[in-house]
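A quick note: this is a predicted structure, and the numbers were derived from the prediction, not measured.
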Amino acid sequence: MRTAARSLGARWRDRIAASDPGLLRLAAGLRTVGAIALTLAVLSLLGADVSHLVAGAIAAMVATFAIREKQRDRQAVTLALGLPVALASMALAALLSSRVLAGDVFFVALIFCAVYGRRFGDRGTALGLIGFQVYFLSLFVGVTGSTLPGFYGSLAAAFACSAVARFALVPQTPTGILQRLREAFRARLAQLIDTQLDLLDAGPDEVEKTLAQVREGTARLHETAMMIQGRLEEGTRDEATARLVQRRIADAEVAAERLGLLLLTARSAERADTLTLHLPGAPLPEGGHLPVQDEALDTLRRDLWALRMLVRLPVAEGSATAHVRNRLLGYREEENLPRASPAVRDVFRGVGEATRAVLGLRIALDGPQDDSDDSPETARSREELDAEDAAIGGGEEDEETPAKETGLRRPTTRAAVQVAVGSSLAIAGGELLSSHRWYWAVLTCWIVFINTASTGEILVKGYRRLLGTVLGVVAGIVLAGLVGHHTWTAFAVVLLCVFAMFYSAPLSYTLMSFFVTAALGVLYTLLHTYSLSVLVLRVEETALGAACGIVAAALVLPVHTDRRTNELLTTVLDRLTDVTEAAVEQLSGGPPADLLDRARDLDQALADLRAATQPLTHPVTPLRTRRDTARYVVALLETCAYHARALAATAELLPTRSIAADPQLRRAGQRIRHNIGAIAARVADERSTAEVLAGPSIASLLTPGGPGTPRYGRVTDRVLRHLQRLDEAVVGLARPLGAPVAPPK
């Protein structure tokens with residue numbers, strides 16, 4: 001009974017860790033709710049009225065969510081600087097409350113400065129956000145010169161309570177966050193193995209759904225790996241430890257994705273294309289709808305369950321666990337592979353490599369393990385891992401400083417001008433709708449510009465905010481009717497909405513807008529200003545603000561979606577060239593390079609491109625052909641990135657002598673590099689005549705002696721397969737991107 005309870009608890013912990021990596025969303029929600037609740041408690045003990053309670057609650061929320069810095073000391077400094085900024089903003093709002101024109105002009109100037117402040121990093125962004133939101137708060141609760149001292153007290157209490165919530169009630173340290181992210185990576189890795197096992201057994205009616213789950217699990221694992229990458233510098237004690245964790249995370253990610261591809265091939269009559277794992281709706285390979293039942297696959301199912309167990313087990317191991325680990329690592333030796341088809345034997349090899357990656361991950365995260373029960377195969381794997389760890393270098397290459405744009409070309413300046421123009425339009429239009437609540441239009445115009453970089457992104461964000469607001473108005477009507485004027489019940493509902501808002505914000509902007517609007521409906525009830533007409537006005541002001549933002553983005557220094565995606569696509573291709581060229585050079589015997597960092601730069605560039613193409617791939621877009629093309633291009637680039645990561649991970653084995661270099665690989669790398677450059681030139685300039693070279697397979701380039709010559713020499717078969725797939729994927733990019741392809745010679 002106790003063992004079952006522990007097992008159930010462990011499964012729930014895994015689910016929570018996997019659904020919210022690092023518990024970042026949970027911590028954000030709890031910290032904000034804690035700051036608001038503490039502020040309300042303090043102000044109520046001081047006898048504050050409802051308007052001061054509302055002001056304190058909103059100020060506590062702003063002071064908490066505005067600060068995004070990772071280091072606790074920098075957070076404290078920004079929070080301390082935020083209070084005088086908030087006080088000054090509220091004072092100016094009170095001073096200008098009776099001067100309509102001057103107040104509007106100052107509000108626009110404040111908005112410009114707040115957006116322009118993003119160029120100064122997280123602190124500039126936080127202080128700008130605090131200044132804007134507190135000015136908006138002052139308009140919302142109606143601060144005047146005579147009531148200013150009382151609201152000053154609410155602000156001071158809110159910032160103090162925000163500090164207590166951040167540093168005492170819900171503390172977070174870089175080390176703790178990284179630890180939880182590592183647990184999330186393990187949980188998501190175990191979940192991915194679960195879905196891969198389901199893929200092996202899925203029937204004809206289930207295979208499409210299961211393959212979609214494998215794609216989602218692979219993407220979620222990659223997302224967690226990227227989050228860990230972003231926290232390594234602050235969360236580890238030194239650079240060597242950070243690079244060790246980085247390498248082991250990369251190894252596990254590549255091994256897991258490769259295992260999924262091998263499993264898909266094993267249940268098929270032909271080798272699966274890597275693109276199948278990256279393109280939703282991609283057709284399955286021939287024969288991929290019926291699982292094959294035989295003794296080897298029964299063993300494979302058992303071993304996949306065992307691999308999942310190794311991922312999920314705690315650090316403490318027994319002899320049974322060691323026996324399972326030894327058996328799975330034994331598949332790295334040819335003589336230990338069971339009798340089966342070549343595709344199934346490849347899967348067993350993949351299981352062995354995945355087990356090695358899990359062993360390396362455990363050593364990197366948890367320290368040395370008990371090796372008393374090691375088999376010879378396990379001992380060899382440990383020796384390889386130790387040699388790789390010893391080969392980690394601490395030096396960094398000099399990075400080129402990218403040329404900075406100046407003047408109106410700088411993104412922060414452009415965005416500041418756009419939002420200032422849009423806000424001016426929103427003020428003018430909002431005044432026509434309501435002389436008292438025009439600021440809702442300005443707020444929406446401001447928000448649709450946050451974290452957007454093109455007209456298309458602003459359009460999608462405005463649409464989502466409007467949809468969330470409409471649904472939130474309906475919820476606000478219901479909640480206002482339920483809570484009436486029961487102050488503390490209303491505040492409890494607001495706290496629930498605030499928590500849901502922060503917990504859902506990274507997942508759905510529509511949901512976040514829904515909870516914001518629902519909470520506002522309750523706040524209006526507390527301020528005795530609630531009516532159905534007020535909530536309808538909220539929808540009208542939101543629609544107006546979104547429209548003003550879109551108009552400003554489209555007409556004032558516009559950055560069209562095509563231009564934005566082309567710029568990011570060029571960056572992705574450049575990063576792909578960097579990784580591929582460096583990996584091939586190292587595999588050919590060249591000097592070692594910082595391959596993992598280059599691979600992560602590629603991943604980040606691809607993530608930026610994926611986000612920028614959302615307007616093109618949105619379900620409501622009327623341009624279906626364009627949507628399908630964008631999805632296909634992104635999927636091909638994800639395929640390229642996977643093979644580039646795999647090449648980088650393999651190249652890093654060279655210093656350990658696990659594999660040997662082969663100078664012939666340079667010839668293969670030259671063609672791939674040329675083709676990526678030709679496609680990049682076409683994206684940058686449609687008049688480019690550079691041609692993509694399509695020719696013989698990569699393997700044939702390495703066999704100058706003819707068909708009878710041994711093909712691979714000292715180069716592993718896996719390297720050749722990754723190079724071949726990368727070459728095919730790069731050539732595949734030529735057609736959708738319009739690059740000319742030279743006929744084979």
Side-chain angles (χ1 to χ4, degrees), residues 28 61-71 74-86 88-89 92 106-137 230 401-424 426 442-462 465 502 505-506 509 512 545-546 548-550 552-554 556-561 563-564 567-568 571 604-605 607-609 611-612 614:
M61 181 177 69
V62 172
T64 304
F65 78 74
I67 298 174
R68 299 292 183 182
E69 289 159 309
K70 297 175 183 177
Q71 299 89 350
R74 293 185 60 84
Q75 293 174 6
V77 172
T78 303
L79 189 60
L81 292 174
L83 180 57
V85 170
S89 180
L92 288 168
F106 175 77
F107 201 11
V108 172
L110 175 63
I111 290 170
F112 176 89
C113 294
V115 176
Y116 186 78
R118 297 179 195 173
R119 65 171 298 197
F120 301 107
D122 289 338
R123 179 165 295 163
T125 302
L127 295 179
L129 185 57
I130 290 172
F132 170 82
Q133 292 285 6
V134 171
Y135 195 94
F136 168 82
L137 160 65
T401 302
K404 294 183 179 180
E405 295 181 326
T406 58
L408 294 178
R409 295 170 59 90
R410 182 184 289 120
T412 50
T413 306
R414 181 193 302 117
V417 172
Q418 288 176 329
V419 75
V421 173
S423 298
S424 300
V442 182
L443 179 67
T444 299
C445 182
W446 154 279
I447 288 177
V448 296
F449 275 93
I450 295 178
N451 296 327
T452 54
S454 70
T455 306
E457 291 178 62
I458 292 171
L459 178 62
V460 170
K461 193 170 185 179
R465 182 165 183 83
F502 281 92
Y509 187 71
M512 188 194 77
C548 291
I550 293 168
V556 181
L557 305 175
V559 177
H560 298 297
T561 302
R563 172 186 163 189
R564 170 72 174 165
E567 290 174 351
L568 292 174
T571 301
Q604 186 58 59
D608 294 339
L609 175 64
Q614 284 186 359

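- Between Val62 and Leu137, the closest side-chain pair of non-hydrogen atoms is not below 4.5 Å.
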Determine whether Arg68 and Thr125 satisfy the following criterion, side-chain contact (heavy atoms from CB on, under 4.5 Å), listing intermediate values before the conclusion.
CA-CA 9 Å; Arg68 299 292 183 182; Thr125 302; over 6 Å; no
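- The heavy-atom pair separating Ala426 from Cys445 by the smallest distance is CB-CB, 4.4 Å.
- A pairwise comparison of heavy atoms in Pro558 and Gln418 identifies CA-NE2, 4.0 Å as the closest pair.
- Glu69 and Gln75 make their closest contact through O-NE2, 2.6 Å (heavy atoms, listed as atom of the first residue, atom of the second, distance).
- Atom CD1 in Ile130 sits 9.0 Å away from atom CG in Leu83 (nearest 0.5 Å).
- Taking the six-membered ring where the residue is Trp, Phe65 and Phe502 present tilted rings, their angle falling between 30° and 60°.
- Distance check: Ile550 CD1 to Ile458 CD1 gives 8.0 Å after rounding to the nearest 0.5 Å.
- A tilted orientation is assigned to the rings of Phe106 and Tyr135, their planes being inclined by 30° to 60°.
- A heavy-atom distance below 4.5 Å is found between the side chains of Gln133 and Leu443.
- Between Tyr116 and Phe120, the ring planes lie perpendicular to each other; the angle is over 60°, past the 30° to 60° tilted range.
- Annotation: the span from Ile111 atom CD1 to Phe132 atom CZ amounts to 5.0 Å, rounded to 0.5 Å.
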What do the steps show when you test Phe112 against Val417 for side-chain contact (heavy atoms from CB on, under 4.5 Å), and what is the final call?
CA-CA 7 Å; Phe112 176 89; Val417 172; 3.9 Å; yes
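- Here the side chains of Ile447 and Tyr509 are in contact, with some heavy-atom distance below 4.5 Å.
- Listed here is the closest heavy atom pair of Val134 and Ser89: C-OG, 4.1 Å.
- Across all their heavy atoms, Ala126 and Ile67 have their closest contact at CB-CA, 4.3 Å.
- Proximity of Val85 to Leu81: side-chain heavy atoms (C-beta onward) are nowhere separated by under 4.5 Å.
- Going from atom CG of Asp608 over to atom CD of Glu567 covers 12.0 Å, rounded to the nearest 0.5 Å.
- Residues Val115 and Trp446 approach most closely at CG2-CZ3, 3.6 Å, considering heavy atoms.
- Within the 3.5 Å criterion, the main-chain N or O of Gly230 finds a donor-acceptor partner in the side chain of Lys70.
- The CZ atom of Arg564 sits 9.5 Å away from atom CG of Leu609, with the distance rounded to the nearest 0.5 Å.
- The shortest distance between side-chain heavy atoms of Thr413 and Arg119 does not fall below 4.5 Å.
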